[in-house]
Number of protein chains: 2
Amino acid sequence: MHPPHSRKEAILQTATMFFSEKGYQDTSMSEIAKITGVADGTIFYHFKTKSELFLAVLKNFKEGIIRELEAFQNMAVFNTGLDMVEGTVSFYFSLADRMEDRFLLLHRHYPYKLAMKNPDCREHLEEIYTCFIDLFERAILKGQKDGSIREVHSKKQALLLFTLVDGLVRLGTYNLYKAGPLYSDLIDSCRCMLTNKQQETKPTFINPQNKRAHSL
Amino acid sequence: MHPPHSRKEAILQTATMFFSEKGYQDTSMSEIAKITGVADGTIFYHFKTKSELFLAVLKNFKEGIIRELEAFQNMAVFNTGLDMVEGTVSFYFSLADRMEDRFLLLHRHYPYKLAMKNPDCREHLEEIYTCFIDLFERAILKGQKDGSIREVHSKKQALLLFTLVDGLVRLGTYNLYKAGPLYSDLIDSCRCMLTNKQQETKPTFINPQNKRAHSL
DNA sequence: AATAAAACTGACTGTGTAGTCAGTCAGTCA
DNA sequence: TGACTGACTGACTACACAGTCAGTTTTATT
């Protein structure tokens, strides 16, 4: 299933890069072929159409994400659910930073448009989102068991949390505002959303992103 | 300056509709011409290039938004800053609902890409964002004066708030999750982010959006 | 070595599109 | 009436692109 350096794999890599950085429409198949170093026809031998290639890219991305998430879950241990929420936020930021290019895929409109017609596409997107949101929800549920998080609708709150964090990542890629300096305020806000008692701001973990953009 | 029903105006309307609903790339100039009921050349008589037409659409949208914001500010009166935050959130939702099609413009990637090369485009986008964020900030500052909102960095918190609310709107247009049912949880979370004391959930205002999508 | 299957090629096709331009037409003013 | 102007037209150009296919090369099998 994984012949180490097949042409097919190489095409997939190039396509991922192009679809992420330039978007679906602005990427031509010939371009992908040229950069990969194969003939135009070769792409169509491996992937019937352009949108099938896109689906393959998305699937590949999804699998990568899932692998990362599993690694995170196996590695990270948290005392409280609240800690786990913070850890998850931090993890999402670092992932978005590390896979910055590929995250752009999710922050374009094309996949969601395709998802309306193509059930496979929709399924990939849903799986990706579900993974992240479930992770947040698990943290919330844990926190509700150990008392570090107040009574909230775990699923809904998880979705809100995810929306907030992802929105901030997106803001960074839009290049209008710097998202980095908001990190500690974000963590603080998350804590407030989830707890009853008043808390002092703790020192924060990481502080990713450093694009040129508006300062606050 | 405003000859009531000029062709130019008509083209602008059609273009707004198409760029919003189908995106920049997927809209052809001939299409706009055909639907508007003018010859292909007419568009290029009024707008030199496709991207100049897009800029005009964006500018028009910006002006519409600003008008709406001013109307809101002149009309709405709030007892406390916290109320004003809630009112602003509610306003943003209803605006996004009422101008659903045009908001899609902001939720595509193209404008932000164009903004990297084109300063005019960037300025329009910045102005739009600034308007909204300033509105949130004004609410926060008011709340800090009257004691309904705790000590937070007003600009940063305003940005976080906006990100959260806009992210939720976007989620609705993506059609993967229903954003509507989250409205009361959103308001609750906002209140928690901004206040010190514990509060009971109050009855909420409106509850927009009703797309077919995942339930929670 | 012979054969077959799989991988690969690149010229070619058909279509769609942004932008051009020579020219039409209705209105205005002298 | 006739010269002039600005709005408008639609055929046309030049090109880019997804996808095809007949044919070539590589690899695996016997």
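Only this structure's heavy atoms are used, side chains among them; waters, hydrogens and symmetry mates stay out. Residue numbers begin at 1 in each chain, while the letters A, B, ... track the order of the sequences. Since the structure is predicted, the reported quantities are computational estimates derived from the model, not experimental observations.
Among F103(B), F136(B), F72(B), the single residue meeting the ring-ring contact (aromatic ring centres under 6.0 Å, His included) criterion with Y92(B) is F103(B).
R108(B) places a side-chain N or O within 3.5 Å of a backbone atom of E21(B) that can act as its donor or acceptor partner. Between the side chain of T36(B) and the backbone N or O of T14(B) there is no donor-acceptor pair closer than 3.5 Å.
At a threshold of 4.5 Å between non-hydrogen side-chain atoms, the residues T130(B) and Y177(A) count as touching. Looking at F18(A) and S28(A), their side chains never come closer than 4.5 Å, going by heavy atoms from C-beta outward. In this structure the side chain of Y24(A) never reaches within 4.5 angstrom of the side chain of Q25(B), judged on heavy atoms. Counting heavy atoms from C-beta on, the side chains of V152(A) and Q144(A) come closer than 4.5 Å. Considering only heavy atoms from C-beta on, L58(A) comes within 4.5 Å of C121(A) through its side chain.
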Margin query: Only Watson-Crick and G-U wobble pairs with both distances less than 3.5 Å should count. Give DNA chain C in dot-bracket notation, marking inter-strand partners with |.
Written below: ||||||||||||||||||||||||||||||

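The side chain of H46(A) contributes an N or O atom lying less than 4.0 Å from OP1 or OP2 of dC8(C). Checking the phosphate oxygens (OP1, OP2) of dC8(C), no side-chain nitrogen or oxygen of Y45(A) falls inside 4.0 Å. Under 4.0 angstrom from either OP1 or OP2 of dT9(C) there lies at least one side-chain N or O belonging to R7(A).
Annotation: F19(B) is not in aromatic contact with Y110(B) [ring centroid separation under 6.0 Å not met].
Residues from residues 11-35 of chain B that place a heavy atom under 4.0 Å from any atom of DNA chain D: there are none.
For the pair K8(B) and F47(B), the distance from NZ or CZ to the six-membered ring centre is under 6.0 Å and the angle to the ring normal is within 45 degrees.
For K59(B), the NZ atom sits in a loose shell: 12 or fewer heavy atoms of surrounding residues, nucleotides or ligands are nearer than 6.0 Å.
Atom P of nucleotide dC8(D) and atom CZ of F47(B) are separated by 11 Å, given to the nearest angstrom. Rounded to an integer number of Å, the gap from CD1 of I43(A) to C1' of dA7(C) is 14 Å.
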Sub-3.5 Å pairs of nitrogen or oxygen atoms, protein against nucleotides 20-23 of chain C:
none

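Looking at the side chain of V38(A), the nearest of the listed nucleotides dG19(C), dC8(D), dT9(C) is dT9(C).
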